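On a predicted model such as this, the values are computed, not experimentally measured, just so you know. Positions are given from 1 along the sequence. Counting starts at 1 for both ligands and their atoms, in listed order. Atom set for the values below is all heavy atoms of this structure, side chains included, hydrogens, waters and symmetry mates excluded.
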Amino acid sequence: MEIPQGAKKPKFETTFLMRKNGVEKAFSLADYPDSTWTFVDSKTVQIEAGYVPPIHDFAIERMNDGQDITNEVLSDSGYTFLLISPHLEQADDSNFGAIDQIFEYAQEEHIPFYCLTASTKEAITKWEDITGAEYPFCTTDETTLKTMIRSNPGLMLLKNGEIIRKWSHNDLPKGDELNAPLQQLSIGKMPTDSVPGKILKILLWFVLPLLVLTVADRMWAWTRWLKRKEESNKIYQRLKRRKTMRKKIVAGNWKMNLNLQEGVALAKELNTSLTAEKPNCGVIICTPFIHLASVAGVLNQDIIGLGAENCADKEKGAFTGEVSAEMVKSTGAQYVILGHSERRQYYNETPEILKEKVLLALKNGLKVIFCIGETLEEREANKQNDVCKAELEGSVFNLSAEEFKNVIIAYEPIWAIGTGKTATADQAEEIHAFVRSVIADKYGKEVAEDTTILYGGSCKASNAPELFSKPDIDGGLIGGASLKAADFKGIIDAWK
Ligand SMILES: O=C[C@H](O)COP(=O)(O)O
């Protein structure tokens with residue numbers, strides 16, 4: 001092995017022990033005495049270390065001729081393969097095929113290949129017999145060999161006297177990897193395991209996965225937090241809604257359409273259908289007086305409420321043809337529609353008459369579905385808000401807040417009733433919101449928030465979902481589409 005140029009040389013100091021006239025004294029070269037002193041002894045010690053080669057205390061002796069080839073190996077500027085086995089008799093021989101292949105490759109490429117061992121001649125011969133080894137063997141100190149590589153055998157590749165690769169016998173380069181001169185192969189190059197490279201490797205193998213795991217863990221925790229937040233938000237919203245939630249209702253107004261048998265049959269059909277599949281809203285059917293008692297007998301009123309379409313503005317007495325609120329109540333009904341535009345228009349029901357009816361209905365324990373709504377002319381004159389407000393003020397705003405809680409408002413634009421023309425969802429929402437604000441002004445926000453405001457006017461299964469999706473539309477008062485169970489159920493299902 002060549003010592004690099006300018007490498008630091010070790011420093012030595014020699015001490016001479018001299019005697020004169022029976023006295024012994026030590027001198028150095030610098031103050032060496034004259035010839036009257038007699039030399040007794042000398043001692044040389046190293047006082048400063050010099051360059052230490054990577055491989056030292058190392059001697060390679062070729063076995064066949066006893067030649068020391070240490071210098072030859074360590075100063076070779078090319079490649080050298082060294083198969084290291086302190087004791088061949090203890091060496092693992094399972095990978096001898098791979099070793100022999102490397103030896104063949106070394107021969108083809110004119111690369112020296114030696115097996116260094118401290119084994120006896122007999123052990124070497126036995127190894128040769130077992131493995132078919134044809135490479136030359138050299139003797140090297142056992143301890144030195146053991147410190148060079150732990151695997152027995154192990155392979156080393158030297159270049160320019162420096163070890164550039166080490167392999168355990170389990171991990172030897174395969175024959176197909178040795179398909180070019182060593183200079184062109186990655187194994188023939190010094191591993192680039194510089195300190196930054198090692199740091200990078202540590203980062204890649206340890207820190208990076210840790211980072212990925214940490215990020216994944218944080219993301220998992222974050223999504224869980226989001227989910228929990230969303231969940232608690234949902235619960236909060238549900239609680240909030242429950243707290244302020246007014247009743248969602250789909251009410252049918254049969255008007256003057258069905259005879260008794262038809263009415264009872266429809267009520268039964270509806271009852272069966274909604275008993276089988278519970279509605280997601282309150283359901284009411286309002287029938288002519290003649291149906292009430294019979295229909296009350298076939299309805300499960302926990303699912304379907306029953307109401308009349310009208311009641312008298314008088315409590316009792318000689319009012320031929322009239323039906324009082326008390327009579328309605330006695331049939332088993334719980335609701336009554338009052339103020340419907342058809343009653344106002346065709347039977348001249350004034351705000352004052354309606355005020356009386358409302359009072360009597362409430363007095364008799366009926367809940368009132370109170371209708372308001374503008375004509376087409378009023379809508380075209382943009383008077384819908386004023387009309388609705390006036391109708392409320394004229395007939396129900398005389399009630400106390402407590403009484404008003406038993407009133408359901410039904411906004412029915414007269415131009416949309418039975419005409420097939422529906423107010424758009426936005427038009428309806430606008431006026432519903434206005435009506436709610438008027439109620440809030442009169443009774444306060446809480447009462448207003450609890451008041452159910454229904455929409456009526458050509459409402460059917462096809463437009464109900466959009467109408468009911470509006471925040472201030474709490475359901476519908478249905479005319480024509482309440483006369484068939486399937487049509488009516490289609491509207492009820494809009495709340496699903
Ligand atoms: O009371 C119901 C309304 O007058 C709506 O009737 P309609 O659904 O036939 O338009």
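Checked by distance only, ligand 1 and I478 stay at 3.5 Å or farther apart across all their nitrogen or oxygen atoms. The distance criterion of under 3.5 Å between nitrogen or oxygen atoms is met by G480 with respect to ligand 1. Polar contact with ligand 1: absent for L477 (N/O pair, distance under 3.5 Å). Distances between N or O atoms of T419 and those of ligand 1 include no value under 3.5 Å. Taking any N or O of H340, backbone or side chain, at least one lies under 3.5 Å from an N or O belonging to ligand 1.
Counting atoms of ligand 1 from 1 in the listed order, those under 4.0 Å from a heavy atom of A416 are 10 (O). Interface atoms of ligand 1 facing G457, defined by a heavy-atom separation under 4.0 Å, are 5 (C), 10 (O). Residue G418 approaches ligand 1 through these ligand atoms, each under 4.0 Å from one of its heavy atoms: 7 (P), 9 (O), 10 (O).
The residue among C459, S458, G479, G476 with a heavy atom at the shortest distance from atom 10 (O) of ligand 1 is S458.
Aromatic pair F81/Y135: centroids not less than 6.0 angstrom apart.
Contacts with ligand 1 closer than 4.0 Å are made by side-chain heavy atoms of N253 only, the backbone lying farther away. Counting heavy atoms under 4.0 Å from ligand 1, residue C371 does not touch it at all.
Ligand 1 is never approached by A481 to a heavy-atom distance shorter than 4.0 Å. For K460, the closest heavy-atom approach to ligand 1 does not fall below 4.0 Å.
Ion pairing between a basic and an acidic side chain is recognised when a charged N comes within 4.0 Å of a carboxylate O; R344 and E349 show no such pairing. A salt bridge does not link K484 with E269: every distance from a Lys NZ or Arg NE/NH1/NH2 to an Asp or Glu carboxylate oxygen is 4.0 Å or more. Using a cut-off of 4.0 Å between Lys/Arg side-chain N and Asp/Glu carboxylate O, R246 and D474 are scored as salt-bridged. Taking the charged nitrogens against the carboxylate oxygens, K159 and E162 have no contact shorter than 4.0 Å, which rules out a salt bridge. With salt bridges taken as basic N to acidic carboxylate O contacts below 4.0 Å, none links E377 and K383.
Judged by distance alone, the side chain of K247 and the main-chain N or O of T452 form no donor-acceptor pair under 3.5 Å.
Considering only residues two or more places apart in sequence or on other chains, F96 meets the side chain to side chain contact (heavy atoms under 4.5 Å, CB included) condition with D100, T131.
Residues N152 and K146 bring no donor and acceptor atom of their side chains to less than 3.5 Å of each other.
In this structure, atom 2 (C) of ligand 1 lies nearest to the protein heavy atom E412 OE2, 3.0 Å.
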